[in-house]
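The figures here come from the full heavy-atom set of this structure, side chains too, leaving out hydrogens, waters and symmetry mates. Every chain is numbered from 1, with letters handed out A, B, ... down the list of sequences.
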Number of protein chains: 2
Amino acid sequence: MSMETSSNNLDNVKVQMRKGLLEYCILLTIAREKKAYASDILTELKKDDLLVVEGTLYPLLSRLKSDLLLDYEWEESSAGPPRKYYHLTPKGKLNLQALNETWEGLATSINSLVKKYEKNH
Amino acid sequence: MSMETSSNNLDNVKVQMRKGLLEYCILLTIAREKKAYASDILTELKKDDLLVVEGTLYPLLSRLKSDLLLDYEWEESSAGPPRKYYHLTPKGKLNLQALNETWEGLATSINSLVKKYEKNH
DNA sequence: CATTACTACCTTGCTACACAAGGTACTATG
DNA sequence: CATAGTACCTTGTGTAGCAAGGTAGTAATG
């Protein structure tokens with residue numbers, strides 16, 4: 001019972017930690033592949049243990065589109081329904097560069113805290 | 001106007017990125033100092049550009065207390081009202097170790113994405 | 001052509017969280 | 001006793017991820 005609580009608590013912390021980083025990860029993935037559709041992104045992020053679910057991804061892609069960071073075009077598939085292939089807009093590329101810096105700053109700050117902590121242990 | 005939107009958007013992303021990491025940072029800070037009260041924590045996190053505000057910190061401390069990760073005792077101050085000094089419980093220490101691994105895994109995953117991206121640029 | 005399976009896209013309801021703003025209360029100083 | 005400073009806490013708001021459920025096109029089977 002208390003272990004269950006503890007476990008759920010940790011899972012939740014992981015979810016919270018990923019918040020805000022997902023947008024960055026998705027832009028990174030699309031930028032690398034030049035263009036990608038939802039399943040591509042899910043597969044790529046899964047490779048790096050950054051699993052995202054559909055219910056998270058689709059609204060995020062829509063938001064990035066309406067923020068003009070992404071654009072898309074439809075493409076026929078050899079098997080199955082057509083796909084929305086997303087690519088970065090010029091604004092999206094600028095934004096990604098800014099996010100690179102934001103991530104680096106954040107990682108530096110936290111690693112600094114970790115080092116200070118490790119000194120006393 | 002479009003710059004304003006862009007700027008607000010980025011600020012928001014920063015806020016979102018920090019979400020979930022704050023709990024980890026606060027546990028790290030308290031663990032390092034053995035014990036700390038709210039102002040200590042605010043000061044320490046500010047040093048590493050991880051500014052937290054009171055309205056964020058107090059509810060978080062209360063939650064960590066009710067999750068049994070933290071405990072506190074009152075201490076008189078030489079000037080001003082008494083202070084709540086927080087320290088990690090055994091459960092809190094275990095949890096911190098788990099968070100260390102979570103953070104490391106997250107940082108590794110994202111840095112892996114960044115490297116793949118940089119290869120194509 | 002009806003059924004089934006697969007793929008792809010999208011929406012709704014829920015919960016958790018950070019934050020801004022505002023509030024209470026204790027201590028010291030003049 | 002009034003003012004300033006410190007410390008703790010609460011309420012309301014907006015944003016985000018997620019689980020679950022829904023729509024629709026394609027293709028193979030009988």
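Atom CD of Glu104(A) has 12 or fewer neighbouring heavy atoms from other residues, nucleotides or ligands inside a 6.0 Å radius.
Every residue two or more places apart in sequence or in another chain was checked for a side chain to side chain donor-acceptor pair (under 3.5 Å) with Thr43(A), and none qualifies. Remark: Asn100(A) pairs with Tyr24(A) by the side chain to side chain donor-acceptor pair (under 3.5 Å) rule, at least two apart or across chains. Scanning for salt bridge (Lys or Arg N to Asp or Glu O under 4.0 Å) contacts around Asp40(B) gives an empty result, with sequence neighbours left out.
Residue Leu42(A) contributes atom CG, which lies 10 Å from atom P of dA8(C) at whole-angstrom precision. In this entry the distance linking CD of Glu54(B) with C1' of dT24(C) reads 13 Å, nearest Å. Rounded to an integer number of Å, the gap from Met17(B) CE to dG17(D) P is 11 Å. When the P atom of dC9(D) is taken as reference, atom NZ of Lys65(B) falls 11 Å away, rounded to whole Å. The CD1 atom of Ile26(B) sits 10 Å away from the P atom of dC19(C) (whole-angstrom rounding). Distance Leu57(A) CG to dA16(D) C1': 14 Å, rounded to the nearest Å. Put simply, CG on Leu61(A) is 14 Å from P on dA16(D), counting in whole angstrom units. Straight-line distance from the CG atom of Leu60(B) to the P atom of dA20(C): 15 Å, rounded to whole Å.
Every pair passing salt bridge (charged side-chain N to carboxylate O under 4.0 Å, His left out) that includes a residue from residues 106-118 of chain A is listed here, sequence neighbours excluded: Lys116(A)-Asp48(B).
Arg18(B) has a side-chain polar atom (N or O) that falls below the 4.0 Å cut-off from OP1 or OP2 of dC19(C). An OP1 or OP2 oxygen of dA8(C) is reached within less than 4.0 angstrom by a side-chain nitrogen or oxygen of Tyr37(A). The side chain of Lys19(A) places no N or O atom within less than 4.0 Å of a non-bridging phosphate oxygen (OP1 or OP2) of dC18(D). Between Arg63(A) and dT15(D) there is no side-chain polar atom (N or O) within less than 4.0 angstrom of OP1 or OP2.
If you check dC9(C), dA20(C), dA18(C) against the side chain of Thr56(B), the one that comes closest is dA18(C).
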List the protein contact pattern of nucleotides 24-30 of chain D with one symbol per nucleotide (5' to 3'): B for base contact, S for sugar-phosphate-only contact, - for none; contact means a heavy-atom distance under 4.0 Å. -BSS---
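Hydrophobic cluster of Tyr37(B): the remaining members, joined at side-chain heavy-atom separations below 4.5 Å, are Tyr85(B), listed by chain and number.
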